[in-house]
Amino acid sequence: MTVKETARRFPQSTIGRAYRVAEQAHAGQKRLSGDPYFTHPLAIAEILSSWHLDEASIAAGLLHDVVEDTKITREELLKEFGPEVMFLVDGVTKLSRVKYRGTEAQVENLRKMILALSQDLRVLFVKLADRMHNMRTLKALPPQKQKRIALETDEIYAPLAHRLGMQSIAGELHDLAFPFLYPKEDRWLKSTAAAHYESRLGYLKRIAPQIEETLNRHGITPLSVDFRAKRYASLYQKLKRYDMNIERIYDLVALRIIVSDVTTCYAALGAIHQTWRPLPGRIKDYIAMPKPNGYRSLHTTIIGPEQKFVEIQIRTKEMHEENENGIAAHWLYEQRKSGGVIPKSPKQLTEEVKWVQQLRRWQEKYQGGNVDSGEFLESMKIDFLKDRIFAITPHGDIIILPAGATPVDFAYHIHSEIGDTCVGAKVNDRFVPLSYELQSGEMVEILTQKNKKPSQDWLKFVRTGIARDHIKAAAKAKRHALADKRAPIRTELKVIIEDRPGLSKNIAVVIARSHMNIVSRELVVTGKQTPPIERLVIGTNDKTKIEKLIGKIKKLPGVRDAGYELLPSE
Ligand code: MN
């Protein structure tokens, strides 16, 4: 049943309600393609449903853009759908804030962050479905955006799906990105490869009955025999290693045999090898030795009828499903085992998270070579999952900080000057105190003011050495400045006034009578609605004297307010 049908038949179910809320919230909104906006969340929900994910994930797919792009608030959503769906929507929103701009250093951080944020794997599934649909409709976007999103898909999301064993999703994402990243190669490939695909497929269809007959003769009845065409993007990668000679790609189209159990896999391989000579060095036992991402299958290339090479893949149904859908398939099995219908709470998903970590450990071992993986993972877990948070700049860059870090730490990590002149902070567009404890996935914007100096109070809450050092250094500089007698000693007065004849002169007279001299003065007018401000620099730093002077100035008719600031020495 499609999500649409489910929503119509069960209007009071979570999916039914999510469907209605999203449809109404996005009413009138259009995508760049001209389609009604709701087609997008609905397509995502259908994708998630085709992956057999649970109600909460499908609801989150329907609602994933509602908080960011419509009038509906987080609070309303939470009230209507509860914490589980809210948790998933929040997770997807966080992931969407990160933007990959193709810098080498960003890649690993981004993948780590995505894994860390996806404590609940369903967040990642919704995000992958979102990306899948955005890629399928990428044509509607301006070229600049197409490139960026295709690159992000190709270098971040597809490898992540691959790492989690989701072959078919990874493959489709790579294929969808390919024409946008390599338009010329894509045209060449499609014109060249099409005929080859055609003739290979024709050949395999001719010989498939012979293969099946051979199996039958050995008492094996395969569940299915079909054909797997190599994907364009991966064909291109392979062609580069084979002098772009398509004749040398034996697995352009492969024969795929599904049997009932592992023993039969080996029996089938034996039967085939008895009939057709295998090509040396091409027999791969990924059942005994799975690939790092969990892929399992037997592969062999035989010299088939008409003396042509044929790649044959043999596997069980379960292996096939796991090869295609990886961790999503695993997630589904676990859920079925635990009784099925009840959606798991985020905490109950720790098993899956362990699985991710295991995958990651394999990955590290294979790529890093000699690292003690146990110890390495331990340090990685502490560093990256427990004691670290990932905060995001408004440009989508990731700043990695220790847990408990504040906007001030964040500011100093971007640039010491931003830290020094920081006066306020916004987290996800809301003002927060500078002592606010940042959480992973939050977007942080720092407000600065020129000539501002760091406050010593910040030392009470900052968490990073870099912030602490700068704050202390600034305090030291200030003390030196005050102690330095040769430094110019000045105070700036700010007097908010009414436009009143003679007032400026009266202020000057009061200052002169207090035996102080005016170094410079200017009248600042910012707009018709705001009163003008007199700024006067006075040649003293005697606080008591200045405060007395301010008192006198405030009493002058036409003065609305007055204040002062000791100027730092240059
Ligand atoms: Mn979306």
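What you see below is based on every heavy atom in this structure, not just the backbone, and it leaves out hydrogens, waters and symmetry mates. This one's a predicted model, so the numbers in the text were calculated from it and none came from an experiment. For ligands, and for the atoms within them, numbers begin at 1 and follow the listed sequence. Numbers here simply count residues along the sequence, with the first being 1.
- Within the protein, the N, O or S atoms sitting under 2.8 Å from the Mn ion (ligand 1) are H40 NE2, H64 NE2, D65 OD2, D130 OD1.
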Side-chain donor-acceptor distances from residues 178-188 under 3.5 Å, at least two apart:
{"from": "D186", "atom 1": "OD1", "to": "K190", "atom 2": "NZ", "distance (Å)": "3.0"}
{"from": "D186", "atom 1": "OD2", "to": "K190", "atom 2": "NZ", "distance (Å)": "3.3"}
{"from": "W188", "atom 1": "NE1", "to": "T192", "atom 2": "OG1", "distance (Å)": "3.4"}

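- Put simply, CD1 on I312 and CG on D251 are 12.5 Å apart, with the number rounded to the nearest 0.5 Å.
- More than 12 heavy atoms of other residues, nucleotides or ligands sit less than 6.0 Å from atom CD of E68.
- With sequence neighbours left out, R136 forms a salt bridge (Lys or Arg N to Asp or Glu O under 4.0 Å) with E172.
- One side chain, Y436 or E442, offers a donor N or O that lies under 3.5 Å from an acceptor on the other.
- Residues passing the side chain to side chain donor-acceptor pair (under 3.5 Å) test with R296, sequence neighbours excluded: none.
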